[in-house]
Each structure stands twice: as C-alpha cells, then as structure tokens.
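To keep things clear, I will list the structure first and then write my remarks on it.
Just so it is clear, the values below take in all heavy atoms, side chains as well, and ignore hydrogens, waters and symmetry mates. Below, read A as the first sequence line, B as the second, and so on, with proteins coming before strands; counting in each chain starts at 1.
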There are 2 protein chains.
Amino acid sequence: MSHLENKLINRAIRPTAMRLLVLQYLMEHHAAVSLKILEEQFYKSDKSTLYRTLITFEKKGLVHQIDDGTGMKKYALCLETCNCAPKDQHFHFHCTKCSETFCLTGQNVPNIALPIGFQMQKANMVIKGFFANCSH
Amino acid sequence: MSHLENKLINRAIRPTAMRLLVLQYLMEHHAAVSLKILEEQFYKSDKSTLYRTLITFEKKGLVHQIDDGTGMKKYALCLETCNCAPKDQHFHFHCTKCSETFCLTGQNVPNIALPIGFQMQKANMVIKGFFANCSH
DNA sequence: TTTTCTTTTGCCATTGAGTTGCAGGTTGGA
DNA sequence: TCCAACCTGCAACTCAATGGCAAAAGAAAA
C-alpha cells in the first residue's frame, strides 16, 4: 500500500484513482490549489468530481480552505498532526503579482483578545503583498 | 455642511445623495456590510450603483473589504486615521451562527515573520467562531 | 465468482455574486 | 447659462460554485 493511499485511509477517505491523483498534485505543489487549477491539470476529469474531491478532503481534515480574496477558494494540505483546531491555525501569504497563496506553517496564530462570549473555531488569515523577486 | 458630507469630502469623494445614504447606513451598522444587504436596504436604487459606491469608498480609503468566507465580500468603515497601511490592519471576527462580521479594532495585527523578500501590503484576517449568546 | 448494495464519477443545468457597457441624468465650475 | 466630467439606472454578461441524476466503480455478502 502506497504512502499516498495511507494518507487517505488515515483520514477515512476511500483511496480512489482520482483522489490519489489529486492528493499527489497537492503534495507536489507548495502553493494552495484552486478548483480551476485542478480542472486544467486533470482536464479529462470532470469539474464536479474535482470539486467534490476537495470537499471530501476538507471535511475529513486532509486539506484546509483559504479565501485569499481572488474570488476562488483555494485548498492546501494540512500537516499530519493537524485537526484544524484553533491551535492549528496559521497565517497564509498571497502574492499579488503571481496570485499564488502559501501557508506560513512556521508560526501559528497568536492568542487574540476576543470580546467576551466569543468562541474561536477556525481562522482565515491572509497577508497580501508580493515577493520582491516574483517572476511575474 | 453635515458631518456625513465632511467625511466624504475629506476622502475626496463627491457627496451625492446616494453616497450619503450608504455612508449613513455604514455608520449605523456595526457589522460589515455586503452588497446584498445594501440592495435590500436601498431597494429603490440599483445594484450597480451600490456596487460602484462601495468600490469608490474602498478606492478612496473610506472602507476596507473583508473576505469572511461566506462568498460575499463585505465592507466596513475605516477609522478616521486609517489609510489601510500594514500598521492599520486589524483582525475581524465572523459569527458562524448569525453570519455577521465585525472589526476588532482594539488591537492591530502583530508583526509576523515573513519569508525573506516578501513585502506586506494588506491583510485579510478573519477569526471564525460564534457568540455564546448569539440570537440565531 | 456472482449478486447486491453503497459510493463515486461524469454530464448537464442552475444559482448567485460580481462586473461591465451604455445612455440618460446630475453636478459643479467656467 | 453652458459645458464637461461625473454619477446613476438598466440590462446583459462572466464565472466560480453547486446540485440532480443516472451510469460506473468499488466493497461486501452469498
């Protein structure tokens, strides 16, 4: 049984051919992945299959969704130990030149003073800017 | 000249009737405002006028846009002293029960260690959770 | 292996937020 | 008063996201 299959099974996701391919693609790409990118990559497959694959991955905690303001939801792999709890939340950065979005997994979101009675579940943290040496 | 008019003129926005009404609405509502909400509020006006009003307000630095993951862009008034620089960026929180989004203006975004060569311009920081006593 | 049941996939259509072009109306300055 | 620039309303369009349904694939039982 391959490493990829294990990653899916560990998250209670049935390892179909399509899912293994999408997982492989996610692992090979450091930037967060949009549905559109997947459609281009797997042009023989259907949009809704890829869409539902991402939904399944997210529901099972394999990926998390990032809303970087480009109008397209993006997805990035969670760390092995992640279960998307408040303590697992991290920042992302979005390059306005190349429009790519990356996880900043080195540091987690610090404690933020919240109004009384407010309970944090998740976060969507995106820093926007650019790489000085971005190729775009 | 009214306080509302001054607020627009200070940001180099011509104070038309429509803009004054939208500004007033923004000031009266603590939660961030979506285009849809404005459409419902000003049903006699046109969607594109309201849309362009928000665009103008944002371009002139009167409001900032928040992407809270609901699929609808929301807008909230900037503080008087804000010019949307990195130092002006703050967190927001989004209640998953009532779907409202608020500015946490008490504290700004702390320094975040960025990869070398990456320059921050703006941020979209949204904490998701719920109010214990949310009415929804 | 064959049958049966559940899950996944592909195709197609739809929704809805966001956006644009254009013509007519409004505003402010010369 | 007149002109030029700006604003508004209408209508259409774009495009990401999503849902229904039947066929295909996979898992489990016989």
First of B:Y75 and A:A17 reached from the 5' end of DNA chain C, by closest nucleotide:
A:A17
Going by atom types alone, do B:T56 and B:R52 pair a side-chain donor with an acceptor below 3.5 Å?
no
How long is the line joining CG of A:D46 and C1' of D:dT18, in whole Å?
12 Å
For a quick check, with a 4.0 angstrom heavy-atom cut-off, what is the B/S/- contact string for nucleotides 22-30 of chain C, read 5' to 3'?
-----B---
Should the side chain of B:K47 and the base of D:dG9 be counted as holding a donor-acceptor pair, with the cut-off at 3.5 Å?
no
Expressed as a whole number of angstroms, how long is the span from B:L21:CG to D:dT8:C1'?
14 Å
Please report, rounded to the nearest Å, how far the P atom of D:dG9 is from the NZ atom of B:K44.
12 Å
Drop me the distance from A:N124's CG to B:M125's CE, to the nearest 0.5 angstrom.
9.5 Å
Side chain of B:T49, base of D:dC7: donor and acceptor closer than 3.5 Å?
no
Geometric class of the A:H90/A:H64 ring pair [parallel <30°, tilted 30-60°, perpendicular >60°]
perpendicular
Enumerate, atom names and distances included, each donor-acceptor pair closer than 3.5 Å involving a side-chain atom of residues 18-37 of chain A, sequence neighbours excluded.
| from | atom 1 | to | atom 2 | distance (Å) |
| --- | --- | --- | --- | --- |
| A:R19 | NH1 | A:R14 | O | 2.9 |
| A:H29 | ND1 | A:Y25 | O | 3.2 |
| A:S34 | OG | A:I37 | N | 3.2 |

Taking atom CG of B:N83 as the centre, report whether more than 12 heavy atoms of other residues, nucleotides or ligands fall under 6.0 Å from it.
yes
Given atom CG of B:L35 and atom C1' of C:dG16, what is their separation to the nearest angstrom?
11 Å
In terms of relative ring orientation, are A:F131 and A:F93 parallel, tilted or perpendicular, with 30° and 60° separating the classes?
perpendicular
Nearest whole angstrom, please: distance from the P of C:dT19 to the NZ of B:K36.
17 Å
Does OP1 or OP2 of C:dG18 have a side-chain N or O of B:Y51 closer than 4.0 Å?
no
Atom CG of B:L54 and atom C1' of C:dT20: how far apart are they, to the nearest Å?
16 Å
Rounded to whole angstrom units, what separation is found between the NZ atom of B:K60 and the P atom of D:dC6?
10 Å
Using a cut-off of strictly less than 4.0 Å, decide whether A:S45 has a side-chain nitrogen or oxygen near OP1 or OP2 of C:dG10.
yes
In this structure, how many angstroms lie between the C1' atom of D:dT8 and the CG atom of B:L20, rounded?
15 Å
Just so I know, are the side chains of A:H94 and A:S99 near enough to count as touching, which here means a heavy-atom distance under 4.5 Å?
yes
A:K73 vs D:dT18: side-chain N/O to OP1/OP2 distance below 4.0 Å:
yes
